[in-house]
Amino acid sequence: MPDGPTYRIEPLDIRTWPAFEALVQRHNGIFGGCWCLYFHPDCEGRGESFEGNRLLKKAHVEQGTAHAALVMDGDEAIAWAEYGTPEELPTIHHRKQYDATSTTTPDFRITCVFVDKRHRRQGVTELAITGALEQIAMAGGGRVESYPHDLTHQTKKMSSSFLYNGTRRLYERLGFAYDRPKGLKNCVMVMTVEPA
């Protein structure tokens, strides 16, 4: 991105929590106050309130069971890509179909990508996913799955606010391979990441 802002990638941890928290709060908790907890294991209190979700997400960060690549613009987080092991992120959409067609368990999954509405359509989603892949490499690499929207046969334009994990085309550009469909308009994309 020549002549544009200089972004950097930081891991989501207790040090970067305030920047992540500010991004989520600027967007009313993301997807109705989810705080990007949907993909974490079910637990008492999840989904009951905005503040409860915030505290649960912070607890995951403090315990090291929530991972994301944050795209930073100065001190401000403007995007993230959430990733983790299947144990850390067991909840995925279309689970029954996914399990019925699965032959291999991934080492990591990328489950959610979010970009600040002021920075959309500027290539930031790609930066966030690339940042997650770099962090996965530092964590030992392995088979990585993601579950983007497959708009291959979509004729109507879809709002980017509904694309919670990007698109198949984006993942193909990043080197992922199409594995199989998942649900009506989602798919499983895979990549092997070498350890750093």
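All values derive from a computational prediction rather than experimental measurement.
- Atom-to-atom distance recorded for Glu10:CD and Leu70:CG is 7.5 Å, nearest 0.5 angstrom.
- To the nearest 0.5 angstrom, Ile110 atom CD1 is 4.5 Å from Leu133 atom CG.
- Taking CD of Glu126 as the start and CG of Leu174 as the end, the distance is 4.5 Å to the nearest 0.5 Å.
- Contact detail for Pro106 and Pro86: the closest heavy-atom pair is O-CG, 3.2 Å.
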What verdict does the salt bridge (charged side-chain N to carboxylate O under 4.0 Å, His left out) test give for Glu76 and Arg26, after you've listed the backbone C-alpha separation in whole Å, the side-chain angles of each residue and the deciding distance to 0.1 Å? CA-CA 11 Å; Glu76 187 176 65; Arg26 280 196 307 273; 3.5 Å; yes

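- Among all heavy-atom pairs drawn from Ala81 and Val113, the shortest one is CB-CG2, 4.1 Å.
- With hydrogens and angles ignored, the 3.5 Å screen pairs no side-chain donor or acceptor of Ser146 with any backbone N or O of Met189.
- Salt bridge status for Glu51 with Arg54: present, with a side-chain N to carboxylate O gap under 4.0 Å.
- Counting heavy atoms from C-beta on, the side chains of Asp150 and Tyr178 come closer than 4.5 Å.
- Using cut-offs of 30° and 60° for the angle between ring planes, the His67 and Tyr83 rings count as parallel.
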When you look at Asn186 and His93, which way does the side chain to side chain contact (heavy atoms under 4.5 Å, CB included) test go after all the steps? CA-CA 9 Å; Asn186 291 83; His93 296 292; 5.9 Å; no

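- Heavy-atom minimum distance, His94 versus Leu184: CE1-N, 4.3 Å.
- If you take CG on Leu37 and CG on Leu89, they are separated by 10.5 Å, rounding to the nearest 0.5 Å.
- Between Trp35 and Trp17, the ring planes are parallel. Angles under 30° get that label, and only those over 60° would be called perpendicular.
- Residues Arg180 and Ser102 have side chains in contact (heavy-atom distance under 4.5 Å, counting atoms from C-beta outward).
- Within the model, atoms CZ of Arg143 and CD1 of Ile136 stand 13.0 Å from one another, a figure rounded to the nearest 0.5 Å.
- The shortest distance between side-chain heavy atoms of Pro148 and Leu170 does not fall below 4.5 Å.
- A cation-pi geometry, defined here as NZ or CZ lying under 6.0 Å from the six-membered ring centre and within 45° of its normal, does not hold between Arg168 and Phe176.
- In plain terms, the two heavy atoms of Ala19 and Ala77 that are nearest each other are O-CB, 3.5 Å.
- The side-chain heavy atoms of Thr125 and Arg120, taken from C-beta on, include no pair separated by under 4.5 Å.
- Closest approach of Ala69 to Gly131, counting heavy atoms only: CB-C, 3.4 Å.
- A donor-acceptor pair under 3.5 Å links the side-chain atoms of Lys57 to the main chain of Cys36, judged by distance alone.
- Taking the side chain as every heavy atom from C-beta outward, Phe108 and Thr85 approach each other to under 4.5 Å.
- A donor-acceptor pair is defined here as one N or O able to donate and one able to accept, closer than 3.5 Å; such a pair exists between the side chain of Arg8 and the backbone of Gly74.
- Put simply, CD on Gln122 and CD1 on Ile78 are 7.0 Å apart, with the number rounded to the nearest 0.5 Å.
- For residues 98-115, the set of pairs meeting the salt bridge (charged side-chain N to carboxylate O under 4.0 Å, His left out) definition, not counting sequence neighbours, comprises Arg95-Asp99.
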Carefully, step by step, assess Lys58 and Glu21 under the rule salt bridge (charged side-chain N to carboxylate O under 4.0 Å, His left out). CA-CA 9 Å; Lys58 187 174 185 186; Glu21 181 179 43; over 6 Å; no

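- Heavy-atom minimum distance, Met191 versus Gly175: CE-C, 3.5 Å.
- With hydrogens and angles disregarded, a donor-acceptor distance shorter than 3.5 Å links the side chain of Gln97 to the backbone of Gly183.
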Decide side chain to side chain contact (heavy atoms under 4.5 Å, CB included) for Trp80 and Val24; before the verdict, give the C-alpha distance in whole Å, the side-chain angles of both, and the deciding distance to 0.1 Å. CA-CA 10 Å; Trp80 81 73; Val24 177; 3.8 Å; yes

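- Within the 4.5 Å cutoff, side-chain heavy atoms of Tyr147 are placed close to those of Ile92.
- For Phe114 and His27, the gap between ring centers is short of 6.0 Å.
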Should Tyr171 and His149 be marked as a ring pair (Phe, Tyr, Trp, His ring centres under 6.0 Å) after you check the CA-CA gap, both sets of side-chain angles, and the distance that decides it? CA-CA 10 Å; Tyr171 281 87; His149 297 274; over 10 Å; no

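- Using a 30° and 60° split on the angle between ring planes, His119 and Tyr7 fall in the perpendicular class, above 60°.
- With no hydrogens or angles considered, no side-chain donor-acceptor pair links Glu88 and Thr65 at under 3.5 Å.
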